[in-house]
Amino acid sequence: MRFQYKSLILLLMAAAFVLHSRAASGSTEPVHAQHGIVVSAHELASRAGVEMMEAGGNAVDAAVAAGFALAVVHPAAGNLGGGGFMLVRMADGKTHFLDYRERAPAAATRDMYLDPQGNVIEGASEIGYKAIGVPGSVAGMVYAERKYGKLTLKEVMGPAIRLARDGYALSWSEAGDLHDKYLAEFPESRRIFQRDGKYYLPGEIFRQPDLARTLERIAVKPDDFYHGALARELAAAMQKGGGLITADDLAHYEVKEREPIRGTYRGYDIISAPPPSSGGTVLIESLNILEGYDLAKLGDRSAQSIHYTTEAFRRAFFDRAEFMGDPDFSKIPVAQLIDKKYGAAWRDSIDSDHASASRELKRPAIFSELEQYAAAHPLPRANHESPHTTHYSVVDAEGNAVAVTTTINDWFGSRVTAEGLGFLMNDEMDDFSAKPGVPNSDGLIQGAANVIGPGKRPLSSMTPTIVVHDGKVFLVLGSPGSSKIITTVANVLMGVIDYRMNIQEAVNAPRFHNQWLPDVLNVERWFSPDTVHALQKMGYHVQYGLREGPDAGGYWSDAECIAIDQKSGELLGASDGRNNGKAVGY
């Protein structure tokens, strides 16, 4: 009887484990579409994008519409007061990378978050007015629409204006998110998002009239946000709260068109984010190392395939720590880092049976430029990057593709709402290195290239990525998740290319992550215990979820991705079941 009872308990535990995994990962089938598709963190934003394509717009029109809509329906990460990156590949093969990352104000200084004793002031770069960088999202989306869209700005902003003016019904999780305790510290945020303490309930209609008016003003006269009345109002609101941003800072903001990072992996062309994002460089460096292993033969999520992949991540993040920053202020040796010969040299340092010790890594001495740079920029430096970003992917009927990752950094950014304008401001200054040698809450280490400086753009892990095969778009990828963005994109990409999963299965698959320091292998909670045990025997310190303790998150990121069937041309959208996003096609 006791044996039967124990067996029943084990059976129930196993069933609960499987159900949890399925609930967390969602359906295994992608959404199918024939003409166009948008995959984002919110169904209403995805529908806004599809509406533009149905009206004759292209993928850029859809992306801009979705981006402005996310500023309304996903205020925790969608934004007007933040910044981001947009990767565009047109059907004719031309690619464009728009950098509209936030910038440090002119009054920013290297030691602005240190007390007189030189210690980091807790929370100073995360909450409140002094945490705010000059926003770039409006400039970036307007630039993209004017240069690469087919419709008018007023048309593509129409859905966002309606959603702000007429409102939308809050889900259970959205209503709960608005209880954020830091929002309550700022009267304008408390008024708009918490109804002065009379919190919104699930199912209630959330209207944002101040934001609607701001969106209407941008639609009619977008340059006003940086050079006119809107800029003066925004700067006055920042100055009133003790912030650093001035009207001059806004007037000098500019969108940068940069050359995307390019690489190859097993015959596929990889196009991804260049500095000031570290994402594309770390992704391609990791894939170069892994190309020498037959991962498919080793098996998906086998201990051996995870071992080799983790060692590749470890080495690429080691280089990220030393070399990455704003290319307008520092020389970044990207060409050497993504060279196939460099990846092969790193691969030779991997022991097939044992985990490396992160602190004992020694860089291959095949490029003198790297050695010279490393000698001039000794480790360590540190910064914090929030996991609360958002990504969306778009493909239209003509084959144009857009991948956008955008952020206000922390959940609800600085928690400051621009008075009278209705939108939240970023806390992107927290992405700089506040003080050399002080580990952040993620343990993420960075080099001297990312210290605070006037006009600089902080280092990012955002990794909007497009994969091309035989001259045609194959995958459109991206995710939020701080440093885990890069490994999430890699996990999904390898899931499709190496392990022959469909795009939804690849998005659903349990993720793992290593970022050099801390020397930890993070795995999501539904990882096989047998695999974890095998990895531990190889010398890995395995940690379930994001961190240890009772508040540990069991899973991470929010991959919103698209695949294109190479035979039929059908569009396949995969929204991450870990969150509440939606793929919408037509």
Side-chain angles (χ1 to χ4, degrees), residues 120 278 281-283 285-286 288-290 293 303-304 306-325 332-333 336-337 342-385 432-451 459 461 482-487 490 512-523 532 534-549 552:
V120 176
S278 63
T281 305
V282 174
L283 174 67
E285 183 179 343
S286 299
N288 286 344
I289 297 170
L290 289 167
Y293 300 111
Q304 197 65 40
I306 293 169
H307 166 58
Y308 287 136
T309 306
T310 301
E311 293 303 323
F313 291 161
R314 187 196 308 274
R315 284 153 175 78
F317 272 94
F318 173 63
D319 284 335
R320 178 195 192 275
E322 190 119 47
F323 297 122
M324 304 307 290
I332 313 297
Q336 291 81 10
L337 294 174
Y342 185 62
W346 263 134
R347 188 164 57 247
D348 289 342
S349 72
I350 297 174
D351 183 327
S352 62
D353 298 317
H354 300 94
S356 302
S358 287
R359 288 287 188 185
E360 296 176 10
L361 285 186
K362 293 183 179 178
R363 183 173 293 106
I366 69 166
F367 289 123
S368 60
E369 298 96 326
L370 295 183
E371 296 306 308
Q372 292 165 5
Y373 190 103
H377 300 82
L379 286 169
R381 303 290 188 267
N383 95 313
H384 167 73
E385 184 177 0
F432 286 110
S433 299
K435 181 185 178 183
V438 179
N440 69 68
S441 60
D442 292 330
L444 194 59
I445 305 296
Q446 295 191 152
N450 195 44
V451 298
L459 184 61
S461 296
S482 183
S483 56
K484 293 178 177 65
I485 294 173
I486 305 168
T487 55
F512 57 97
H513 171 81
N514 178 278
Q515 62 184 41
W516 178 52
L517 291 177
D519 197 344
V520 170
L521 171 57
N522 297 94
V523 300
V532 169
L535 290 163
Q536 289 170 330
K537 288 183 69 175
M538 297 173 82
Y540 287 99
H541 173 49
V542 181
Q543 182 174 299
Y544 281 98
L546 293 177
R547 53 195 172 275
E548 295 175 334

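In this chain, numbering begins with 1 at the start of the sequence shown.
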Q) Is there a side-chain contact between Thr310 and Leu535, using heavy atoms and a 4.5 Å cut-off? A) no
**Q.** Leu283 side, atom CG; Ile485 side, atom CD1 - distance, nearest 0.5 Å
**A.** 12.0 Å
Q | Matching residue for Gln543 among Leu521, Asn522, Val523 - test: side-chain contact (heavy atoms from CB on, under 4.5 Å) | A | Asn522
(Q) Run the side-chain hydrogen bond (donor to acceptor under 3.5 Å, both in side chains) test against Tyr308 and tell me which residues pass, sequence neighbours left out. (A) Gln304
Q | Separation between CG of Asp353 and NZ of Lys537, rounded to the nearest 0.5 Å | A | 11.5 Å
Q: In sequence, state the C-alpha distance, the side-chain angles, and the governing distance for Leu459 and Phe432, and then conclude on side chain to side chain contact (heavy atoms under 4.5 Å, CB included).
A: CA-CA 7 Å; Leu459 184 61; Phe432 286 110; over 6 Å; no
Q.
Exactly one of Arg359, Arg314, His541 should register a side-chain hydrogen bond (donor to acceptor under 3.5 Å, both in side chains) with Asp519. Which one does?
A. Arg314
Q) Can you check whether Ser461 reaches Arg320 side chain to side chain, under 4.5 Å on heavy atoms? A) yes
Q) Aromatic rings Phe318 and Trp346: how do their planes relate, parallel, tilted or perpendicular, breaks at 30° and 60°? A) perpendicular
Q: With the side chain counted from C-beta on, respond yes when Arg363 and Tyr342 share a heavy-atom pair under 4.5 Å apart, and no when they do not.
A: yes
Q: Supply the atom-to-atom distance Phe313 CZ to Asn514 CG, rounded to the nearest 0.5 angstrom.
A: 8.5 Å
**Q.** Sole candidate of Leu337, Val282, Thr281 that passes side-chain contact (heavy atoms from CB on, under 4.5 Å) when paired with Asp319
**A.** Leu337
Q. Between the side chains of Arg315 and Ser286, is a donor N or O closer than 3.5 angstrom to an acceptor N or O?
A. no
Q: Only counting residues at least two apart or in another chain, list the ones meeting side-chain hydrogen bond (donor to acceptor under 3.5 Å, both in side chains) with His307.
A: Tyr540
Q: Specify the closest pair of heavy atoms between Ser358 and Leu517, including all atoms of both residues, with the distance to one decimal.
A: CB-CD2, 3.9 Å
**Q.** Which atom of Ser356 lies closest to which atom of Glu311, heavy atoms considered
**A.** OG-OE1, 2.7 Å
Q) What's the shortest heavy-atom distance between Ile332 and Gly325, and which atoms? A) CD1-N, 3.6 Å
Q: State the CG-CE distance between Asp351 and Met538, to the nearest 0.5 angstrom.
A: 8.0 Å
(Q) On a heavy-atom basis, which atom in Ala345 and which in Pro364 lie closest, and how many Å separate them? (A) CB-CB, 3.6 Å
Q: Report yes if some heavy atom in the side chain of Phe317 is under 4.5 Å from a heavy atom in the side chain of His513; otherwise report no.
A: yes
Q. Excluding sequence neighbours, so at least two apart, what forms side-chain hydrogen bond (donor to acceptor under 3.5 Å, both in side chains) with Asn288?
A. Lys340
Q) Can you find a pair of side-chain heavy atoms, one from Leu370 and one from Phe323, that are under 4.5 Å apart? A) yes
Q: Rounded to the nearest 0.5 Å, what's the gap from CD on Glu369 to CD on Gln336? Could you check?
A: 4.5 Å
Q. Where is the tightest heavy-atom contact between Val542 and Val532, given as atom of each residue plus distance?
A. CG1-CG1, 3.8 Å
